[in-house]
Amino acid sequence: MEKEDRPPFETREGRSAEFKSRLEKLASMAADGIDAYPNDFKPLHSAADINAEYGMAAVQELEAKGVSVSIAGRIMAIRDFGKASFIQLQDNGARLQAYVKKDIAPGAYDVFKRCDMGDIVGVTGRLFRTKTNELTVEVQTFRLLAKGLHPLPEKWHGLTDVEARYRQRYLDLMVNPEVRDVFLKRCAIVKYIRDFLSSRGYIEVETPMLQPIPGGAAAKPFKTFHNALGCELYMRIAPELYLKRLIVSGFNRVFEINRNFRNEGISTQHNPEFTMLEFYEAYATYEDLIALTEEMISGLVRHIHGSTKINYQGTELEFASPWQRISVKDAILKYSNASEDIFGDRDKAFAFAKGLGLSIPDGLSHGKALIEIFEKVSEPRFIQPTFITHFPLDVSPLSRKNAVDQSVVDRFELLVMGKEIANAFSELNDPVDQRERFEAQMKERGAGDAEAHQMDEEFVRALEHGMPPTAGEGIGIDRLVMLLTNSASIRDVILFPALKR
RNA sequence: GAGCCGCUAGCUCAGUCGGUAGAGCAUCUGCCUUUUAAGCAGGUGGCCCCGGGUUCGAGUCCCGGGCGGCUCACCA
């Protein structure tokens, strides 16, 4: 909409009575020469520090010391007594009460009377304890630092409308402390992982998000266009092929924590952009990564929860290692009445899959059919952390073949609550084999599999320069955070999840 | 993409059988100088998501659409 089409700011439709009343207070203060948005107030203390230092201090101790503080924060509650008021200030997630009395600081009181819930203010004064023993600042000076024009969500119920919480996440974070906690935990989780890998000699890198050929996973990409280059580019679906180029380059251990983009469905488990950790270690195998994964994640769970046991949506999960291991084949045999010959005979696999009610296109590869069967009969059964190993060759075009059974690869997926948390394999570093795998993928692409991997000549060329034997792994950070914060939806661990409009 | 559910005041929610649209909090006015969802009295505030239809009359019934949630499908 053009500016001219809009009614003036003050009278714009949809503005609440509160909004207008606050604008009037702004005007009244402007008339008195009070700046509603000054930037020269420097708080010397934080609410958290004051609580930590004096939260336990006795009344006599406070009075003897005469502790003066200056803090800033958002007014979250006002209890007004006419000529004195208690206000709750929220500062960086911590709260501290302040007491504003007319006779102590008449000027301050005059400004305060034109402040509202949600305004950000700065106060100075001495600490004391109220009758009910609450640590409180007796306000000597009071300044408005930023006027809020909208009322806060209701103080008791908070903001519960899910859509409003996602669209106006700042309000959600402001008034729902448990939401703030989720994102603080997310930060701690990512930091732990960074520190863990860094301490093992991994270097953190950033590789392209805009890629000419989207590779490293099977997924539908977002397409975009670069004007100056005059070419189509894709938002990455995985960083894998670039990280392996770095292993070729001589960085023996690299990792990246960053966004991937997949143009697919949205659900409680899927957001179009999501955060992935990928790490690659030269001279390691997928077996080494099993050990590393157990150590990293069980350590992480202990770090975040103080124990390796967590409760996720009513289910007890035990992360103390070692975790269960089972091959795709054994998992199918264990949880279905499949006969062993479905693994050697494509037609039998298809017949069995159809018997399960799976609709699989005729062109599908044998291995893909087996994975469909696995996902249907076995995957949901793995609640406790479990490594699923030895995936079919043709669903793993970037993995190294198993030395004993050439129909499977040296790969594992980590399942928790029946959901994939990690995916790792010994990397394919034979450029001839890699080219053949890509060619096989292109054939499947031609047969109608839009997610089959594309040929990436530049990547093969890098392998042709020699990549050391390497193992690599990807861990979905959002899903890991969901587990560790007991979140049912991925949107609860993403600050601004994808929404329409 | 399909099925189910939701959308009413700034927020949280009622709204019966189709008959003048409600409460609590917030806000405004008055009283109140130790409150803890402070209290008391009084007031303001509505595109009932949007568009059609049925009806004397629609927040309510019917049809279509929008946005969101959950489940399923796809995917990590």
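Letters A, B, ... mirror the listed sequences (proteins, then strands); counts begin at 1.
Across all strands shown, A:I421 has no heavy atoms under 4.0 Å from either base or sugar-phosphate atoms. Within 4.0 Å of A:N263, counting heavy atoms only, lies no atom of the nucleic acid at all. A:A218 comes within 4.0 angstrom of the backbone, heavy atoms only, and of no base. Across all strands shown, A:D80 has heavy atoms under 4.0 Å from base atoms, whether or not it also approaches the sugar-phosphate. Base engagement by A:G265 is indicated by at least one non-hydrogen atom pair under 4.0 Å involving a base atom. Using a 4.0 Å heavy-atom criterion, one finds that A:E420 contacts the sugar-phosphate atoms exclusively. A:Y99 comes within 4.0 angstrom of a base, heavy atoms only. Note on A:E451: only backbone sugar-phosphate atoms sit closer than 4.0 angstrom, heavy atoms only; bases stay farther off.
Ranking B:U34, B:G10, B:A37 by closeness to the A:T130 side chain, first place goes to B:U34. Distance from the side chain of A:K83 is smallest to B:U33 among B:U33, B:G69, B:C67. Side-chain atoms of A:P151 lie closest to B:A26 of the nucleotides B:A26, B:A37, B:C74. When each of B:C28, B:U12, B:A76 is scored by its nearest atom to the side-chain atoms of A:R262, the top-ranked nucleotide is B:A76. Here the nucleotide nearest the side chain of A:H157, chosen from B:C28, B:G68, B:U12, is B:U12. Of the candidates B:G69, B:A26, B:U34, B:G69 carries the atom nearest the A:V162 side chain, counting heavy atoms from C-beta on. Listed nucleotides: B:U35, B:U27, B:U34. Nearest to the side chain of A:F128: B:U34.
Counting to the nearest Å, the C1' atom of B:C25 and the CG atom of A:D116 are 15 Å from each other. Distance, A:E163 CD to B:C7 C1': 9 Å, rounded to whole Å. In this entry the distance linking CH2 of A:W156 with P of B:A23 reads 22 Å, nearest Å.
Across all strands shown, B:U20 remains unpaired; no Watson-Crick or G-U wobble contact has both distances below 3.5 Å. Across the strands present, B:U33 finds no partner; the criterion is a Watson-Crick or G-U wobble pair with both atom distances under 3.5 angstrom. Judged by Watson-Crick or G-U wobble contacts below 3.5 Å, the nucleotide B:C48 has no partner. In this structure, B:A26 forms no base pair with any nucleotide, since neither Watson-Crick nor G-U wobble geometry is met with both distances under 3.5 Å. With a cut-off of 3.5 Å on both pairing distances, the Watson-Crick or G-U wobble partner of B:C7 is B:G66. Searching all strands for a Watson-Crick or G-U wobble partner of B:A2 with both distances below 3.5 Å returns B:U71. Pair check for B:U54 finds none; no Watson-Crick or G-U wobble contact set falls under 3.5 Å.
Taking the C1' atoms as reference points, B:G45 lies 28 Å from B:U35, given to the whole Å. Taking atom P on both nucleotides, B:C5 is separated from B:G42 by 42 Å, rounded to a whole Å. To the nearest whole angstrom, the two P atoms, one in B:U8 and one in B:G15, are 14 Å apart. Nucleotides B:G19 and B:C62 have their P atoms positioned 15 Å apart, rounded to a whole Å. A gap of 24 Å separates the C1' atoms of B:U55 and B:G46, to the nearest Å. For the C1' atoms, the distance linking B:G68 with B:C25 amounts to 24 Å, nearest Å. For the C1' atoms, the distance from B:G18 to B:U60 is 7 Å, rounded to whole Å. Look at the P atom in both B:C50 and B:U34: the space between them is 48 Å, to the nearest Å.
If you find the closest nucleotide of RNA chain B to A:M276 and to A:G158, the one lying nearer the 5' end belongs to A:G158. Comparing A:I490 and A:M117 along RNA chain B, the residue whose closest nucleotide (by nearest heavy atom) sits nearer the 5' end is A:M117.
Stacking here means ring centres nearer than 5.5 Å and ring planes tilted less than 30 degrees, and by that measure A:F274 stacks onto B:A76. Stacking of A:F81 onto the six-membered ring of B:U33 is not present when judged by under 5.5 angstrom between centres and under 30° between planes.
Annotation: the span from A:F128 atom CZ to A:Y99 atom OH amounts to 6.5 Å, rounded to 0.5 Å. Rounded to the nearest 0.5 Å, atoms CD (A:Q97) and CG (A:L89) are 9.0 Å apart. Annotation: the span from A:E473 atom CD to A:L292 atom CG amounts to 7.0 Å, rounded to 0.5 Å.
Judged by distance alone, with hydrogens and angles left aside, A:D103 brings a side-chain donor or acceptor within reach of the base of B:U33, the pair sitting under 3.5 Å. A donor-acceptor contact under 3.5 Å is not formed by the side chain of A:E134 with the base of B:U34.
Both the sub-6.0 Å distance and the 45° axial angle are not jointly satisfied by A:R169 relative to the ring of A:F496.
Remark: A:T268 is in phosphate contact with B:U71, judged by side-chain N or O atoms under 4.0 Å from OP1 or OP2. A close approach under 4.0 Å does occur between a side-chain nitrogen or oxygen of A:R167 and OP1 or OP2 of B:G68. The side chain of A:K25 contributes an N or O atom lying less than 4.0 Å from OP1 or OP2 of B:C28. In this structure, A:K131 does not reach the B:A38 phosphate: none of its side-chain N or O atoms is under 4.0 Å from OP1 or OP2. Within the 4.0 Å cut-off from OP1 or OP2 of B:U35, not a single side-chain nitrogen or oxygen of A:R79 is found. Taking side-chain N and O atoms only, A:R491 has a distance below 4.0 Å to OP1 or OP2 of B:G69. Within the structure, a side-chain polar atom (N or O) of A:T160 is placed less than 4.0 Å from OP1 or OP2 of B:U12. OP1 or OP2 of B:A26 sits under 4.0 Å from a side-chain N or O of A:K155.
Judged purely by atom type and a 3.5 angstrom limit, A:Q211 has no side-chain atom pairing as donor or acceptor with the backbone of A:R236. In this structure, the side chain of A:R95 does not engage the main chain of A:A48 through any donor-acceptor pair within 3.5 Å. A distance-only check finds a donor-acceptor pair linking the side chain of A:S298 to the backbone of A:E294 [under 3.5 Å]. Side-chain atoms of A:D410 never come within 3.5 Å of backbone atoms of A:S426 as a donor-acceptor pair (strictly under, hydrogens ignored). A donor-acceptor pair under 3.5 Å links the side-chain atoms of A:R180 to the main chain of A:N92, judged by distance alone. Between the A:N423 side chain and the A:G474 main chain, no donor and acceptor come within less than 3.5 Å of each other.
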